[in-house]
Amino acid sequence: MRPIVILGSGLAGVSLARELRKLDKEIPLVLVTADDGAFYSKPNLSNALGAGKSPAQLALTPAPQLAEQLHARILAHTTVSAIHAVQRRIDTSGGPLEYSKLVLAIGAQPIRPALDGDAAADVLTVNSLADYTRFRERLAGKRRIAILGGGLIGCEFANDLCLGGFAATIFDRAKQPLGRLLPPQAGQFLRARLEQGGVTYHPETSLIRVERHNGGYHLSDDHGAEHQADLVLSAVGLQPAVELARTAGLTVRRGIVVGRGLASSDPHIYALGDCAEIGGLVLSYVLPIMQAARALAQTLAGTPVEVSYPAMPVVVKTPACPTVVCPPPAAATGIWHEESGSAGVRSIFADDTGKALGFALLGEETTKEKVTLAGQMPGWL
Ligand SMILES: Cc1cc2nc3c(=O)[nH]c(=O)nc-3n(C[C@H](O)[C@H](O)[C@H](O)COP(=O)(O)OP(=O)(O)OC[C@H]3O[C@@H](n4cnc5c(N)ncnc54)[C@H](O)[C@@H]3O)c2cc1C
């Protein structure tokens, strides 16, 4: 009997396998992954220094133990290079593999900023435990860390690096941190708290050149200013991994296009996680992955189910400024209403009838409203 094959052993692949095993203990299951197959929780990468964790401590379950728990074969260090949809077969670095159903949970790739200079290729990105292990090795003996991008990941790494005794500097094109998620007062509050926590913040600034200099780096920005750093980390965003699907003839837009049943344009191939565009949405967060994994597990176990998304607030792991944001749906019209004080900011996005469609809460006390407010928000899908 051909197995169900899941490509990828990140949160999406492993969560799906776990959900499937709750419903069906016997169906043959194979996970194929380019990495070592150990399970780790990716959100822990950007607060490990503050939590006093080494990269090795972040690997929660080694591949053999995970295979046993999931009653599955895990083909680690195995790269998939092609999908033959008609034959229901994939080409892997370990040979061909046939499937009954194929699930793409292949994640996303960091976007590399266009930079000049002889050290542009030295700029690091972190989107896996292996990347993070390299990053921590490179941090040894360094002090000044430049971070490109003041989004969620950039802010979390900056805060964490400061907690670990490093000097972190963020460069971001936008006027404020989390420019795409937070309204102005909330953004300025977060910036002030990050700065109090030791982060240096350069808004409306892009780095354009990185040169090697005295064992570190000489950086040039687009205002003509020069900066020094010992290490440069880029956190400017992720691009869903779509090439494998595109080459196989599946429909792709920003992500691999799937409907609410998680099936792609080929009825035997599904997608979820950072690689997928589900019902028109690309949501690179844990909670949407959990929703999708639960729905798809039921479908694969024989009961077709469509995924629905309630509003899912994102907790930003910046201890300098507890922050929760629940963005309004992309097509929503309305305005932000912000109330700020010294202890926090409460921002509500409401339409012209006064109905709340999104929120941002900053500060220890203010974020306690998260659960109540989330329950009042309209679902996303
Ligand atoms: C630093 C950081 C912090 C984060 N913090 C939060 C947070 O606090 N809250 C939150 O909600 N979200 C957070 N996120 C986002 C969240 O972690 C991701 O959405 C989630 O982990 C993505 O899981 P995934 O399984 O889709 O992808 P991935 O974890 O990227 O897994 C992809 C898998 O596919 C495999 N693969 C890819 N291509 C191939 C191939 N050709 N052949 C074989 N295998 C292949 C890889 O080896 C890997 O196993 C964070 C992300 C980062 C980077």
Side-chain angles (χ1 to χ4, degrees), residues 5-18 30-49 51 55 58 63 66 74-83 90-94 97 102-111 124-132 135 147 149 151-161 181 233-248 255-256 271-278 282-293 296 312-319 323-326:
V5 174
I6 300 176
L7 294 193
S9 63
L11 273 167
V14 172
S15 302
L16 172 65
R18 287 193 171 133
V30 180
L31 271 73
V32 185
T33 180
D35 59 31
D36 68 3
F39 180 69
Y40 70 100
S41 178
K42 197 180 281 189
N44 292 343
L45 302 182
S46 48
N47 62 1
L49 285 165
L58 297 178
L66 185 64
I74 297 183
L75 305 179
H77 301 296
T78 304
T79 303
V80 175
S81 54
I83 302 168
I90 54 175
D91 291 342
T92 82
S93 49
L97 181 65
L102 178 68
V103 181
L104 304 177
I106 50 179
Q109 282 133 11
I111 295 167
L124 297 171
T125 56
V126 172
N127 188 37
S128 67
L129 183 53
D131 294 341
Y132 186 65
F135 176 60
I147 299 176
L152 196 118
I153 309 293
C155 288
E156 290 186 354
F157 273 123
N159 196 164
D160 199 46
L161 284 162
L181 289 173
L233 176 69
S234 171
V236 299
L238 295 171
Q239 166 69 45
V242 294
E243 275 321 302
L244 200 56
R246 194 199 303 277
T247 315
I256 302 166
L272 81 167
D274 284 7
C275 65
E277 181 174 325
I278 300 174
V282 176
L283 298 174
S284 312
Y285 302 114
V286 174
L287 289 181
I289 290 176
M290 296 304 169
Q291 296 287 127
L296 183 52
M312 290 174 278
V314 180
V315 176
V316 186
K317 304 185 300 297
T318 43
T323 298
V324 180
V325 54
C326 185

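Indexing begins at 1, ligand by ligand and atom by atom, following the structure's order.
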- prompt: Below 4.5 Å, heavy atoms only, C-beta onward: do Val126 and Ser46 meet side chain to side chain?
  reply: no

- prompt: Thr33 to ligand 1: N or O pair under 3.5 Å?
  reply: yes

- prompt: How close does the nearest protein non-hydrogen atom get to atom 30 (O) of ligand 1, and which residue and atom is it?
  reply: Lys42 NZ, 2.9 Å

task: Show your reasoning for whether side chain to side chain contact (heavy atoms under 4.5 Å, CB included) applies to Ile278 and Leu283.
output: CA-CA 8 Å; Ile278 300 174; Leu283 298 174; over 6 Å; no

- line: The protein heavy atom nearest to atom 8 (O) of ligand 1 is Lys317 NZ, 2.5 Å

- line: For atom 21 (O) of ligand 1, the closest protein heavy atom turns out to be Leu11 CD1, 3.3 Å

task: Flag Leu244 as yes when one of its N or O atoms lies below 3.5 Å from any N or O atom of ligand 1, and as no otherwise.
output: no

query: Counting heavy atoms only, which of Leu31, Asn47, Asp274 is nearest atom 26 (O) of ligand 1?
result: Asp274

task: Measure the distance from atom 13 (C) of ligand 1 to every protein heavy atom, then report the residue, atom name and distance (to 0.1 Å) of the closest one.
output: Pro43 CG, 3.9 Å

query: Quick one: does ligand 1 sit under 4.0 Å from the side chain of Ile289, the backbone, both or neither, non-hydrogen atoms only?
result: side chain

message: Give me the nearest non-hydrogen protein atom to atom 51 (C) of ligand 1 as residue plus atom name, then the distance to 0.1 Å.
response: Ile153 CD1, 3.6 Å

- line: atom 37 (C) of ligand 1 has as its nearest protein heavy atom Ile106 O, 3.3 Å

query: Which residue and non-hydrogen atom of the protein lie closest to atom 48 (C) of ligand 1, and at what distance in Å?
result: Asp35 OD2, 3.5 Å

message: How close do Leu272 and Ile289 get, counting heavy atoms only, and between which atoms?
response: CD1-O, 4.3 Å

field: Short N or O distance, Asn127 and ligand 1, threshold 3.5 Å exclusive
entry: no

- request: Kindly write out the residues that satisfy salt bridge (charged side-chain N to carboxylate O under 4.0 Å, His left out) with Lys317, not counting sequence neighbours, or none if the list is empty.
  value: Glu156

- request: Decide whether an N or O pair under 3.5 Å exists between Ala34 and ligand 1.
  value: yes

message: Among Ser46, Pro110, Ala12, Ser9, which one puts a heavy atom closest to atom 25 (O) of ligand 1?
response: Ala12

query: Which bit of Ala105 gets closer than 4.0 Å to ligand 1, counting heavy atoms only: side chain, backbone, both or neither?
result: backbone

message: Is there a side-chain contact between Gln109 and Leu238 in this structure, where contact means two heavy atoms from C-beta onward sitting under 4.5 Å apart?
response: no

- request: May I ask whether Leu272 has any heavy atom positioned less than 4.0 angstrom from an atom of ligand 1?
  value: no

- line: Ranked by distance from atom 41 (N) of ligand 1, the top protein heavy atom is Val80 O, 3.1 Å

